[in-house]
Amino acid sequence: MTDVCNDAPVTPHEEYFFDLNGFVILRNVLTLEHVAELNTILDAIKTLQPPLAPGEWYGGVHAHSYGGAEGINLQQIYEAGEPFESLIDYPGWFAKVKHFVGGEGTFDWHHGPLFIDENFANLRGPGEAIGIHSGGSDGVTRCQFRYENGRFHCGQINILMALSDIGPGDGATMVIPSSHKANFPHPDREKHQMKGGEVRSADGMEGAIEVHLNAGDALLFVDAIAHGSAKRINPGERRIVVYRYGPSWGNFRHPYQVSPEFLARLTPRQRNIACPQPALPRTPNRL
């Protein structure tokens with residue numbers, strides 16, 4: 001495997017509408033062949049017997065749930081095989097993410113240009129959804145949107161990839177455009193926000209829109225935007241993968257670490273994103 005150098009740059013259109021709305025859609029960014037490879041791996045995990053339960057590991061992949069009806073999250077999904085590994089620095093979005101996270105020439109790049117603090121596949125069936133969360137009014141430094149001195153400095157940029165067609169009734173991701181710049185919480189936020197043990201969604205929330213994607217499309221958005229999902233009412237399964245990028249000094253959101261076997265398979269560029277700060281060896285140790 002060799003490093004990819006043909007990274008697609010940010011276009012003026014993407015820059016303008018990302019700044020305005022807090023998100024842009026990258027159409028057909030993954031080939032259908034790549035989507036099929038990703039789904040084949042997920043099929044193998046989904047059909048395990050007995051089924052993989054929250055808290056269990058499948059190799060380097062961890063089954064995780066928030067305790068509600070959000071579907072199952074397969075955390076550390078980049079350890080599931082090469083089709084997921086190649087997404088780490090995928091040329092369709094790598095330069096764009098770097099542009100919006102920003103920080104080149106500052107301490108944010110001290111260990112490298114980016115760090116993935118969370119990556120997961122989400123499988124969601126009928127009746128499942130995730131409530132609204134985040135928003136500019138929260139003022140969270142880690143998720144912040146900032147533009148200063150002619151450059152973006154965003155604390156976290158998400159790439160949400162559709163591995164299935166997601167249209168009306170499919171439980172689409174929902175966002176409130178421009179809410180990454182909001183100074184006040186949404187007046188109906190409490191009704192729609194995430195809450196453990198309950199099915200919450202952004203359905204009917206004023207200002208929230210569904211983002212419909214075809215398999216192979218991706219949604220690039222700043223985590224400061226208020227986002228959640230609609231409830232899936234159609235048969236079948238909504239499949240997405242999310243990689244969350246931030247500055248190189250970040251740490252994992254959940255208590256995960258990369259495995260040595262995984263790092264050994266990566267290219268130097270991928271390794272620098274997955275693990276910008278490898279632990280110092282303690283040998284020889286004089287104590």
Side-chain angles (χ1 to χ4, degrees), residues 29-88 90 116-133 158-175 194-203 210-219 221 223 227-244 253-254 256:
V29 70
L30 294 175
T31 67
L32 293 182
E33 291 78 11
H34 196 163
V35 170
E37 292 173 351
L38 299 168
N39 274 320
T40 296
I41 295 173
L42 294 181
D43 288 341
I45 297 175
K46 184 74 184 294
T47 56
L48 288 171
Q49 292 299 325
L52 193 67
E56 292 185 331
W57 289 87
Y58 177 73
V61 176
H62 187 243
H64 162 265
S65 171
Y66 289 107
E70 303 92 5
I72 190 166
N73 296 318
L74 299 174
Q75 295 279 0
Q76 297 296 90
I77 194 63
Y78 57 18
E79 295 219 24
E82 193 281 331
F84 287 98
E85 295 168 12
S86 65
L87 300 175
I88 292 171
Y90 198 74
I116 294 177
D117 77 71
E118 185 179 16
N119 64 102
F120 61 94
N122 176 263
L123 312 180
R124 186 174 296 160
E128 295 180 329
I130 192 167
I132 205 79
H133 49 286
N158 300 322
I159 297 290
L160 183 154
M161 304 155 241
L163 302 191
S164 60
D165 291 342
I166 305 173
D170 289 333
T173 297
M174 295 186 70
V175 298
M194 290 178 63
K195 188 172 183 180
E198 293 188 17
V199 180
R200 296 283 185 92
S201 76
D203 289 308
E210 291 192 22
V211 181
H212 296 155
L213 303 171
N214 294 321
D217 294 343
L219 176 67
F221 63 102
D223 201 77
H227 58 283
S229 85
K231 183 188 295 185
R232 185 176 181 96
I233 58 175
N234 292 339
E237 188 174 64
R238 167 189 182 262
R239 287 189 176 187
I240 63 167
V241 172
V242 179
Y243 281 36
R244 308 174 73 168
R253 179 186 178 204
H254 299 290
Y256 299 122

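Along the sequence shown, the residues carry numbers beginning at 1. Note that the structure is a prediction, hence the values are computed from the model and not measured.
When atom types are taken as modelled, the side chain of N119 and the backbone of Y78 share a donor-acceptor pair closer than 3.5 angstrom. The closest donor-acceptor contact from the side chain of H133 to the backbone of H227 lies under 3.5 Å. A side-chain donor-acceptor contact under 3.5 Å links D165 to the backbone of A215. N122 places a side-chain N or O within donor-acceptor distance of the main-chain N or O of E70, the cut-off being under 3.5 Å. With hydrogens and angles ignored, the 3.5 Å screen pairs a side-chain donor or acceptor of N234 with a backbone N or O of P168. Panel note: side chain N39, backbone L163; a donor-acceptor pair is recorded below 3.5 Å. Checked by atom type and distance alone, the side chain of H34 pairs as donor or acceptor with a backbone atom of P83 at under 3.5 Å.
Pairing each heavy atom of A121 with each of V241, the nearest pair is CB-CG2, 4.0 Å. The minimum heavy-atom distance between P235 and P126, with the atom names listed, is CA-CG, 4.1 Å. Across every non-hydrogen atom of A172 and E210, the tightest pair is CB-OE1, 3.7 Å. Across all non-hydrogen atoms, the minimal contact from A129 to S201 is CB-CB, 3.8 Å.
Rounding to the nearest 0.5 Å gives a distance of 13.0 Å between CD of E79 and CG of L74. Interatomic distance, E128 CD to E237 CD, rounded to the nearest 0.5 Å: 8.5 Å. In this structure, OH in Y243 is found 11.5 Å from CD1 in I159, a value given to the nearest 0.5 Å. With rounding to the nearest 0.5 Å, the separation of CD1 in I166 from CD1 in I240 is 6.5 Å. Rounded to the nearest 0.5 Å, atoms CZ (R253) and CG (D117) are 8.0 Å apart. Distance CG/D203 to CD1/I132: 10.0 Å, rounded to 0.5 Å.
Across R200, R238, R124, a single residue satisfies side chain to side chain donor-acceptor pair (under 3.5 Å) together with S229, and that is R124. With H254 as the fixed residue, the side chain to side chain donor-acceptor pair (under 3.5 Å) test singles out one of H62, Q76, E118: E118.
Considering only heavy atoms from C-beta on, M161 stays 4.5 Å or farther from L213 through its side chain. The shortest distance between side-chain heavy atoms of L38 and I77 does not fall below 4.5 Å. Put simply, the side chain of L123 does not reach to within 4.5 Å of the side chain of I45, judged on heavy atoms. A heavy-atom distance below 4.5 Å is found between the side chains of I116 and I88. Side-chain contact between L30 and L87 is present, with heavy atoms from C-beta onward closer than 4.5 Å.
When ring centroids are compared, H64 and Y256 stay outside the 6.0 Å threshold.
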### Task
Apply the test side chain to side chain contact (heavy atoms under 4.5 Å, CB included) to residues T31 and E37: give CA-CA distance (whole Å), side-chain angles for both, the deciding distance (0.1 Å), then the verdict.
CA-CA 10 Å; T31 67; E37 292 173 351; over 6 Å; no
